2 protein chains.
Amino acid sequence: MDDTSTPEPRWLNDEERTAWLRLIAVTMLLPSRLESELKRDAGLSHFEYYVLAMISETPERALLLTEVAARTNASLSRLSHVVGRLETQGFLSRCTSPTDGRASLARLTEAGWAKVVASAPGHVEEVRTVVFDSLHDGQVEQLSAICAQLLGALDPQHVLLGLGERLP
Amino acid sequence: MDDTSTPEPRWLNDEERTAWLRLIAVTMLLPSRLESELKRDAGLSHFEYYVLAMISETPERALLLTEVAARTNASLSRLSHVVGRLETQGFLSRCTSPTDGRASLARLTEAGWAKVVASAPGHVEEVRTVVFDSLHDGQVEQLSAICAQLLGALDPQHVLLGLGERLP
DNA sequence: GGAATTTGGTTGAAGCAACAACTAAAACCT
DNA sequence: AGGTTTTAGTTGTTGCTTCAACCAAATTCC
């Protein structure tokens with residue numbers, strides 16, 4: 001190759017290449033699989049479900065939009081649109097935070113809680129059949145460790161796992 | 001819970017739950033990371049890059065749309081739109097297959113080939129820094145095996161790895 | 001205490017993806 | 001050979017995401 005003076009790239013070897021192709025295939029197929037299951041069984045997008053589920057796990061069943069955005073890796077804009085839709089569907093309601101006039105809390109309604117309760121079992125079942133039924137015990141631990149290390153590069157502050165709020 | 005008569009769901013245990021949260025975080029962050037890198041450095045979406053790269057690896061630098069669709073887990077509709085855009089950008093050209101009047105081949109132009117050559121090193125470098133630099137040797141093999149097993153459930157025919165065309 | 005900046009969020013426009021409806025070529029079926 | 005079905009792809013619409021611009025509350029900095 002009569003290339004320009006770019007430094008020689010560190011290409012992947014065969015083992016890495018195979019692993020990469022498989023990993024990328026998983027990251028393409030897994031989300032779309034969950035997407036279809038939830039759309040079919042609950043009428044929600046995976047993102048909508050994830051938002052509702054995350055809020056449902058807090059003690060007050062309410063969460064700041066900023067916090068939700070950080071934990072879902074979504075822009076505040078995207079979240080605002082999605083929360084707006086979920087609000088008109090009656091699954092949650094927005095109210096201004098009492099301690100900070102800018103911030104708004106998304107609070108699950110009864111219908112929203114019921115929605116989560118109704119759709120969670122099917123979703124978990126899908127996760128189990130797709131992921132955990134395919135793996136033997138040791139591999140669950142391996143997968144967990146590998147993902148933890150990848151997250152070290154992808155999300156150094158561990159914002160997505162909800163551990164980021166104790167930094168200030 | 002005064003639930004209806006649904007069969008008790010097989011909930012995840014702690015180890016599985018942790019692994020799951022981490023895996024889902026990876027599937028959220030990895031694509032968006034690759035997306036931004038490619039958008040910034042090459043002006044392409046990850047999907048566009050993937051299409052060009054896949055075609056570039058064939059001997060003729062041409063591929064049937066159906067084949068591309070299968071290997072990228074995309075609908076033919078989506079592919080048609082994307083290929084249309086890539087064509088107007090001058091990266092590839094469509095022509096009807098000589099052996100099948102319905103099928104069309106997407107063929108890389110010189111500009112398209114140059115685009116792949118120009119953007120591949122940066123992309124590989126990104127993949128390496130995000131994924132492989134985070135893992136030690138044994139983990140690459142573990143990851144590969146785990147993904148292979150997940151693909152057994154997600155893609156039984158192994159269409160995405162390009163092994164599906166010998167089934168007729 | 002007031003100006004500047006930062007933070008939290010909303011809104012509207014533009015682009016991309018999912019879905020449905022459609023065309024045309026090939027294969028299948030007596 | 002002719003009618004049906006299947007396959008390959010296109011097109012248009014609708015909805016979601018991204019991006020840029022914007023507003024208001026809070027914080028920072030003299």
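So that the names make sense, note that chain A is the first sequence line, chain B the second, and so on, each numbered from 1. Fair warning: this is a prediction, and the values are worked out from it, not measured in the lab.
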Interatomic distance, F47(B) CZ vs dC16(C) C1' [rounded to whole Å]: 11 Å
R22(A) and S144(B) side chains, donor-acceptor separation under 3.5 Å: yes
Test side-chain contact (heavy atoms from CB on, under 4.5 Å) applied to L150(B) and L30(A), L135(A), L29(A), the passing residue: L135(A)
Nearest-Å distance for atom pair CG/C1', residues L44(B) and dG15(C): 15 Å
5'-most by nearest nucleotide on DNA chain D - L79(B) or A74(A): L79(B)
Sugar-phosphate, base or nothing in reach of L65(B), heavy atoms under 4.0 Å: sugar-phosphate
Residues R17(A), E57(B): salt bridge by 4.0 Å N-O rule: yes
Nearest-Å distance for atom pair NE2/P, residues H46(B) and dC16(C): 16 Å
Spatial distance of atom CD (E60(A)) from atom CG (L108(A)) [nearest 0.5 Å]: 12.5 Å
DNA chain C: 5'-proximal contact among K39(A) and L105(A) (nearest heavy atom): L105(A)
Separation of atom CZ in R102(B) from atom P in dA25(C), rounded to whole Å: 10 Å
Pairwise 5' ranking along DNA chain C for R85(B) and H81(A), keeping only the more 5' one: H81(A)
Length of the CD-P vector between E48(B) and dA17(C), whole Å: 7 Å
Single-linkage hydrophobic cluster V130(A)~L38(A), side-chain heavy atoms < 4.5 angstrom: yes
Sugar-phosphate only, base, or nothing, as touched by S75(B) at under 4.0 Å among non-hydrogen atoms: nothing
Phosphate OP1/OP2 of dC19(C): any R78(B) side-chain N/O under 4.0 Å: no
Outermost nucleotides of DNA chain D that come under 4.0 Å of a non-hydrogen atom of chain A: dC16(D) to dA26(D)
Atom-to-atom span, CZ of R40(A) to P of dA18(C) - whole angstrom: 17 Å
F132(A) six-ring face occupied by R10(B) cation (under 6.0 Å, within 45°): no
Residue pairs fulfilling ring pair (Phe, Tyr, Trp, His ring centres under 6.0 Å) with at least one residue in residues 94-125 of chain B, sequence neighbours excluded: H46(B)-H123(B), Y49(B)-H123(B)
Sugar-phosphate only, base, or nothing, as touched by S104(A) at under 4.0 Å among non-hydrogen atoms: sugar-phosphate
